[in-house]
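Right, one structure below, let's go through it.
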Amino acid sequence: MPATGVPQYRRLVAGGMPAAAAPAMLPEAADDRGPACPLSGGGPSRRPAADQDRAPAAAHDTVTVALRHGLEAVDILRLRRACGAVLQSRNGATVSFLVPAGTSATWHLPGSSCAAGSPLPPATDPRWVMPPAGADCTARPTDAWVLRSALCEAACTLAAGGFGQF
């Protein structure tokens, strides 16, 4: 039974197909030797040795916002039980929300930018605000429309609190 308050959507993989409909098309689907999570420590890895320190690859885009705005949105999303993986930048000035692939083509929200996904750091990296979770340490994306709503609400909250216009 799905948790209440969590947005239900079908994540798409490359080619616009639902992830459940195209497991054979995914690069890691050819090998079924067990979980490949750096946190689990169990089972042999399915990834090449050169990529052992990376989290499992997933098709995603990233929405980047200023730190204070992003952390306020994380709080809102956590209260709604709808927050996916969130990563802080190396210099600490911004946070990036993982969203489903293809979001960058339609994302237009002032104060934020959306770009096609990039390799993710390992799940043990301290920059994760909301780290990948689950048995296979999958970086779950946040639903794009729910994120948009949370970012707008966060901007209103910050502006009302006297932290400027976002």
Calculate, to the nearest 0.5 Å, the distance between atoms [atom1] and [atom2] belonging to [X] and [Y] respectively.
| X | Y | atom1 | atom2 | result |
| --- | --- | --- | --- | --- |
| Thr64 | Phe97 | OG1 | CZ | 9.5 Å |
| Leu71 | Gln88 | CG | CD | 7.0 Å |
| His69 | Thr94 | NE2 | OG1 | 13.0 Å |

Residue from Thr103, Leu147, Leu98 passing side-chain contact (heavy atoms from CB on, under 4.5 Å) with Thr142: Leu147
Shortest non-hydrogen separation from [X] to [Y] and the atoms involved:
| X | Y | answer |
| --- | --- | --- |
| Gly70 | Val65 | CA-CG2, 3.4 Å |
| Ala85 | Trp128 | CB-CZ3, 3.7 Å |
| Cys137 | Pro132 | O-CB, 3.3 Å |
| Ser89 | Ala93 | OG-N, 3.3 Å |
| Ala154 | Ala73 | CB-N, 3.8 Å |
| Gly84 | Met130 | O-CB, 3.3 Å |

Val95 reachable from Val74 in the ILVMFWY side-chain graph, under 4.5 Å edges: yes
Single-linkage hydrophobic cluster, 4.5 Å side-chain cutoff, Ile76 and Leu158 together: no
Side chain to side chain contact (heavy atoms under 4.5 Å, CB included) partners for Ser149, two or more places apart: Arg80
Taking the side chain as C-beta and beyond, is there a heavy-atom pair between [X] and [Y] under 4.5 Å?
| X | Y | answer |
| --- | --- | --- |
| Trp107 | Arg148 | yes |
| Leu120 | His60 | yes |
| Val63 | Leu151 | yes |
| Thr62 | Val99 | no |

side-chain contact (heavy atoms from CB on, under 4.5 Å) between Cys152 and Leu109, intermediate numbers included: CA-CA 9 Å; Cys152 290; Leu109 185 66; 3.9 Å; yes
Side-chain donor/acceptor of Ser104 to backbone N/O of Ala115, under 3.5 Å: no
Pairs touching residues 116-131 that satisfy salt bridge (charged side-chain N to carboxylate O under 4.0 Å, His left out), sequence neighbours left out: Asp125-Arg127
